[in-house]
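Notes for the one structure printed next.
We use all heavy atoms of the structure for the numbers below, so side chains are in, but hydrogens, waters and symmetry mates are not. Keep in mind it's a predicted model, so treat the numbers as computed, not measured.
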Amino acid sequence: MREDTGNLGDIFSLNCKDDSSAVIDVRINENPRTITFFELNNSINALARGLLREGFSVGDRVAILSLNRVEFLEVLFGAMRVGCVPVMVNAKLPADQVQFILKDAGAKITFCEKEFVSLCGHQTRCVVFGADDINGYNEFIDFGELEIFVPGPNDVAEQPYTSGSTGRPKGVLLHHFGQRWLVEQLVSSRDMSAKDCSIISAPLYHKNALLAVKSALACGGRIVLLSRFDVKDYVESIEKHRLTILTGVPTMYALLLQQEELLKKTDLSSVRVLSMGSAPASEVLLDNLQEVFPQARINLNYGITEGGPILLSWKHEKGLKKPRASIGYPFSEVEIKLANGPNVDEGILFTRNPGVMLGYHNLPKETENVLKKGWLNTGDILRRDKDGWYFFVGRSDDMFVTGGENVYPGYVETLLERHPDVMQAVVVPAPNALKAHVPHAFIVARLGCSIGEEDIKQHALTNGPAFAHPRKVHFLAELPLAGTNKVDRNALKILAKQAAEIDGTV
């Protein structure tokens, strides 16, 4: 057994000589590939040695532009093992945004799939996964022993990109120490073990998938890696691979529930946990999931990339049972303040903890705006109950004013989804000449149900404040998704604005 270096790329060092399964890569569904911990470790070292052979050094940026596949993980962990900083790029972005990120990060090399080479321009060298030529991944790697870089407390481990209210992608500097601390917290608070098998279908450039991978491998568990989310492949994997932990965002789970016939004939008994994050989940969705997975525990997560990203545990320090709708209780080293709210137990979340980012890459003023004396302004509004459990209220950026009243979309969406004929609801602001903005609702009805606009409006008026009821209701077969499989609210805002212009209410 080798000594743990404290390097995030070495997070599963205790398992590296194990011949048990680490990753089941289902990129090609008909021919899934199983990789052991021993094989994964050797492949990661081979990528790291390839970087050293090419002259890369500590702090150099290494970009990854790919759908989910095991080579993504090899580059991610391999770059960190030699002190380089992986930059995970959203493969669904247009070429100009991809090239902006590569230039902003100063990436010297991009590891990508062949179909994405055209997005990169000519500013970085592209190494193509699966290729054998001079620019091929198979020629780049170099198998052999590796001396792993030992990081200091402020050495950057990885640089994910996030978009703020301006829409400009910002590189988030996360350090080895903070990310190692967080993984340890997650494994402990979620009782994860080598017996667990998790599924990863959210894109690996996103915080949810990255943390799920790190924590699963750190405890010696297996991960089933889908190249992208396909609901039928996801459901079939449960029985095929005896999954114990399901991961995803609410939209993915809502799509899963629509597969009623497939779920009925699938053995779901192995699932012990449904882990859900990145967006609020309605009580209706949770009820429906609990009915399908009666023996499983449903746990909501809260995280913000700049914050570590996870701040909250599924466990209470006093052993109190977690309310199902709660996003958790703070880890022992997490400090929290709620500010600018109606009382001390509700407001914008400020946090200080070991995982908070060092700052934004090359953006000192924007860093200063959100990070002061170690305290991060998350921009998220949370509520705390008498036992110290936290609940997500909404994004301060999502809240809008109609006729002088604050409207929180998440609240209205939950209200609408309580209607028995509504599968999903999303509420966005539409411009209005009299009230500045008014709510528009986008509804996905349950299969076989007939429901109209007036039904939705009356349900909202009967069960909630009049100012929050949707002034217009749009029915969709499915909601548009962004690259992270979350609902694309910006696309819906455009549709709402267009509808308001047609109606002449702007």
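In summary, K170 and D104 do not engage in a salt bridge, as defined by a charged side-chain N under 4.0 Å from a carboxylate O.
Across R180, K207, K214, R61, a single residue satisfies salt bridge (charged side-chain N to carboxylate O under 4.0 Å, His left out) together with E158, and that is K214.
Counting non-hydrogen atoms of neighbouring residues, nucleotides and ligands closer than 6.0 angstrom, the CZ atom of F38 reaches no more than 12 such neighbours. The local environment of CD in E478 is sparse, with at most 12 non-hydrogen atoms from other residues, nucleotides or ligands closer than 6.0 Å. More than 12 non-hydrogen atoms from other residues, nucleotides or ligands lie less than 6.0 angstrom from NZ of K372.
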Go through the steps to decide whether E54 and R125 satisfy the test salt bridge (Lys or Arg N to Asp or Glu O under 4.0 Å), and finish with yes or no. CA-CA 12 Å; E54 296 288 327; R125 173 188 173 190; 3.1 Å; yes
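Across every non-hydrogen atom of V213 and I223, the tightest pair is CG2-CD1, 3.9 Å. Between A218 and I11, the shortest heavy-atom distance links the atoms CB-CG1, 3.9 Å. A pairwise comparison of heavy atoms in A157 and L8 identifies CB-CD2, 3.9 Å as the closest pair.
In the model, T110 has a side-chain atom that pairs as donor or acceptor with a side-chain atom of T124 under 3.5 Å.
For the pair Y137/V75, a side-chain contact is recorded, criterion being any heavy-atom separation below 4.5 Å from C-beta on. Side chains of L382 and I327 form a contact here, defined as non-hydrogen atoms less than 4.5 Å apart.
One finds the CD1 atom of I310 at 6.0 Å from the CZ atom of R190 (value rounded to the nearest 0.5 Å).
Remark: R81 qualifies as a cation-pi partner of F12 under the 6.0 Å distance and 45° angle criteria applied to the six-membered ring.
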